[in-house]
Structures are given as C-alpha cells and as structure tokens.
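Below: one structure, written as structure tokens.
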Amino acid sequence: MTSTRSFQTGITHRPSAVVAATGAHDVVAALARAGREGLAVAVHSTGHGLRRPCDGGLLIDTAAMAGVTVDPGTRTARAGAGATWGDVVAAAAPHGLRPPHGSAPSVGVAGYLFGGGLGLAVRADGWAADHVRAVEITRAGGTVTVTAESDPTYFARVRGTGPDDGDVVTAVVVGLLGSDGLVGGGLVRVLGAADAPGEPAALHAWADWTAPLPDDVTSGVSVVPYPDLPLLPPHLRGRRVLRVGVVGTGGTGRTDALLAPLRAAVAWDDDTVAPLDPRTSSRVYAEPEVPHAYLGDDVLVDGLDRAALDRVVSRTGPMVVTGIRHLGGAAGRAPAVADTVRGRDAAYCVNVLAPFDDDVPAACAWSGVDRLLDGFSPRATAEGSLPSFRYGPPRPGTA
Ligand SMILES: Cc1cc2nc3c(=O)[nH]c(=O)nc-3n(C[C@H](O)[C@H](O)[C@H](O)COP(=O)(O)OP(=O)(O)OC[C@H]3O[C@@H](n4cnc5c(N)ncnc54)[C@H](O)[C@@H]3O)c2cc1C
C-alpha cells in the first residue's frame, strides 16, 4: 500500500511530497516544511470522504497513527488520527464496550466525527460527535488538546464541522457505550429484476413501521440494483434488492417484539436480525468494502411521502444506490456539550450515490443522483444535508 491509497478511487492525489506521519511530532515538522516551501497541505486518512485531490502540495498521511487505547474505567478510547472505527471496535469489544460507529468499519475515526457521525444505533446513542471528550489538534506551533473546558467554541466546531484550515487532528478521545442487549442484522427483500421498476410495498412498510418506533431501535433502508455477476449469491444476481439494516439496544425479546409488525408486513427473502457482537456489526448494512469510484449527496427530510418512496424504487436504476436512515430519538435531542452536528431537526436522511468510470462519466452519474434527490427537496429541512454523505468530485459547475 502506498501512502495515497484511498477507498475512493475516482480521485487521485498527486502531491509533490507525502509525509507518512507516525505521531504529532511528524505532523508539526510537515506543517513547518509546508510553511517554508509554500506548499498547500492536505490530510489523508482512509479516503472514504475524499472530494478534492492534493495536486502539487504536501500530503500528510495518518495511516501509521492508528493506535487505540481503551480505558474501561472511564469508558473511553483514545484513537490516533489514522485509526478506523474497526480498530476502535476491536479494542473496545474485550471490555464489553462499543464505539458509536457507523455502517462500515473501514471508515476513519476523524473524518466521520467531522460530519457528526451517524452511528448504527444513533436513535439510542445520539450522534458520535456527542460522545467526543477531547480532540488533539496539531499545528505548526505544536499540539493542543481541545475540550469543552479549554475552548468550547472550537470543541463544538470540530465535532460536526471539522478542524480549522491548517489544523490537523492527531488523536481523539471518545466515550464508549455498553454492548449488552445489542441486536442487529438485515431484512432483505428482492424487488424484481434490476432493470425493472420494482414493487414499492416493502419500502412503504418500512417507512410506516419506523414512524412510531421507540428510540432503542435504529434502522435504515437501501435499494440496490445488483449486477449480474458470478461472485454474488444467485438469488441477488441481476436483481433490485431492498435491505433494511436494524440495530436494537434493548435485547432480543424487546427488539423482536418491536420488529414483529415489519416482519409480518413483508415476505422477507432473508432475515439475519439476531444478537449482535459489535465485531460483526458490518453485517447490519453489508456494504461493499472494495475501493471504487463513487459520487453522491444527501438530503435531510422531515418525513417520507409515498410518491417520493415510489420514485426511490422506480428510479434507483442500475447505476444508482439509494439509502434512507431513520433519525429522531436521541439524534434529535440537544447534546450535553454543544457541537455543530446537522440533522437534529430531521426525521430521515436520504442519501444517493452512483459509481462512475470511463463509460459513465461523473457528470452523467451526478444527473442520476440528482434525479432521485430532487423528489425529496420540497421536504428538505432547514439544515439541508449532512456533509458526511457528500461524496466524490463536486457537481459540474460547483466549487
Ligand atoms: C462505505 C461508507 C460507509 C459510510 N457510513 C457512514 C455512516 O454510517 N455514518 C456516517 O456518519 N458516515 C458514513 N460514511 C461517511 C464518512 O463518515 C465520511 O466519508 C468521512 O469523511 C470519512 O472519513 P475518513 O477519515 O474515513 O476519510 P478521508 O477521506 O480520509 O477524510 C475525510 C476528510 O477529512 C479530512 N481529514 C481526515 N483526517 C483528518 C485529520 N486527522 N485532520 C484533519 N483533517 C482530516 C480529509 O482531508 C478529508 O477532507 C460512510 C462512507 C462510506 C464510503
């Protein structure tokens, strides 16, 4: 692996220098060098959220700063800037603890928190940013630890928006949650051939089911047209597939009781909802962990009308994937310590992404994404969208 490897393969860094930092001291030295040589600085972790290439500047790669230490007494983890959520999960699990991570363990700790962090159990836990206790910031002059006490304004900004220009986050301290009673998995329904419009009843059933749910169940749905590839299970090849990812924090009996109406409403082709070991939580959304070129955007909405859901099923074409995450509950409540997370007033987040390549250029992929998102814009909340789910090169004509 080179220092500029990235989950996003549609954008390539071409820096004039790469610093594979092993600690804050390397970052201080790199920033000093960039200052001396007049180089723009970019930071690279996993590249999941990569939107602009570093061309000719100095790229600080944080991959080697991936250490995680857990303090079970304070139920916190200190994660280096290069750690992924999978690293934190692995360190926390032996203590019966779990971090407030999202759908993919390969996502980086830092970049996810800058967007607030919409976790698997966000309706029970609140946003991941709500759990951050301290952020270590490194700049040319040295390293400072920013907390609610030391600098409440910056502490709020970095948790939900990101660090100031020129600052590099070199570590974070994040609160951990108990994993007793954790239940999760997926409900899968094949909607028909990938190139046919599909039947929206299962999506309506999910939306109706979410409306009155208590906070201890969090779910999201995706509509994915699977290609006809031999590596896929035969019943999914070339099919349009709806998947509901579910996480409950109240134990099996309670989660099963809350799930019963949804289980009864649809003839599910697959149901893997069961007690969940946090180390296997990637099975909730079963997202591909293969680097690829993709772009996309999202919209925060205050409700889901039936026509918009019908369009999700009929317009999610062979080159577009739609996801809807249920918010509300703890995600809608004010945090104990102020942050700058968006989406507290929203009921759902709708995100649409599309792969692109030489055959399907980015401009074409963007038109597929916007065709789907446009159906939701009239119901967008005042906050608009979550920065976390903006992917890939910007739309043509935008900065
Ligand atoms: C498959 C997949 C699943 C996802 N699931 C979720 C989910 O469930 N919930 C959710 O909220 N989000 C999710 N996301 C979105 C994800 O949180 C964002 O893409 C996030 O930006 C990724 O952060 P990163 O550090 O992994 O990526 P990177 O692309 O390496 O970093 C993202 C940005 O942060 C900057 N940056 C990274 N580290 C530092 C640092 N130490 N100091 C200063 N700047 C830094 C980078 O320069 C870049 O601009 C998902 C994304 C993907 C691709």
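Everything numeric here is computed off the predicted structure, so don't read it as measured data. As the structure lists them, so they are numbered: ligands from 1, and atoms in each ligand from 1.
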Contact bool for [atom] (protein heavy atom, d < 4.0 Å):
{"atom": "atom 31 (O) of ligand 1", "answer": "no"}
{"atom": "atom 1 (C) of ligand 1", "answer": "yes"}
{"atom": "atom 36 (N) of ligand 1", "answer": "yes"}

[Y] and [X] side chains, donor-acceptor separation under 3.5 Å:
{"X": "R325", "Y": "S103", "answer": "yes"}
{"X": "T252", "Y": "D256", "answer": "no"}
{"X": "T210", "Y": "Y348", "answer": "yes"}
{"X": "D277", "Y": "T280", "answer": "no"}
{"X": "D370", "Y": "S367", "answer": "no"}
{"X": "S106", "Y": "T84", "answer": "no"}
{"X": "H204", "Y": "D310", "answer": "yes"}
{"X": "Y154", "Y": "D167", "answer": "yes"}
{"X": "H44", "Y": "R5", "answer": "yes"}
{"X": "R390", "Y": "S385", "answer": "yes"}

Can you confirm, on distance only, whether ligand 1 has an N/O atom lying under 3.5 Å from any N/O atom belonging to [X]?
{"X": "A110", "answer": "no"}
{"X": "D167", "answer": "no"}
{"X": "L118", "answer": "yes"}
{"X": "T46", "answer": "yes"}
{"X": "G102", "answer": "no"}
{"X": "V169", "answer": "yes"}
{"X": "S45", "answer": "yes"}
{"X": "F114", "answer": "no"}
{"X": "G108", "answer": "yes"}
{"X": "G47", "answer": "yes"}

Starting from [atom], what is the nearest protein heavy atom, named by residue and atom, and what distance separates them?
{"atom": "atom 15 (C) of ligand 1", "result": "S388 O, 3.4 Å"}
{"atom": "atom 39 (C) of ligand 1", "result": "V43 CG1, 3.5 Å"}
{"atom": "atom 13 (C) of ligand 1", "result": "F389 CE2, 3.7 Å"}
{"atom": "atom 4 (C) of ligand 1", "result": "S103 OG, 3.7 Å"}

Quiz item: Looking at G49, which atoms of ligand 1 are within less than 4.0 Å of one of its heavy atoms?
Solution: 19 (O), 21 (O), 22 (C), 27 (O), 28 (P), 29 (O)

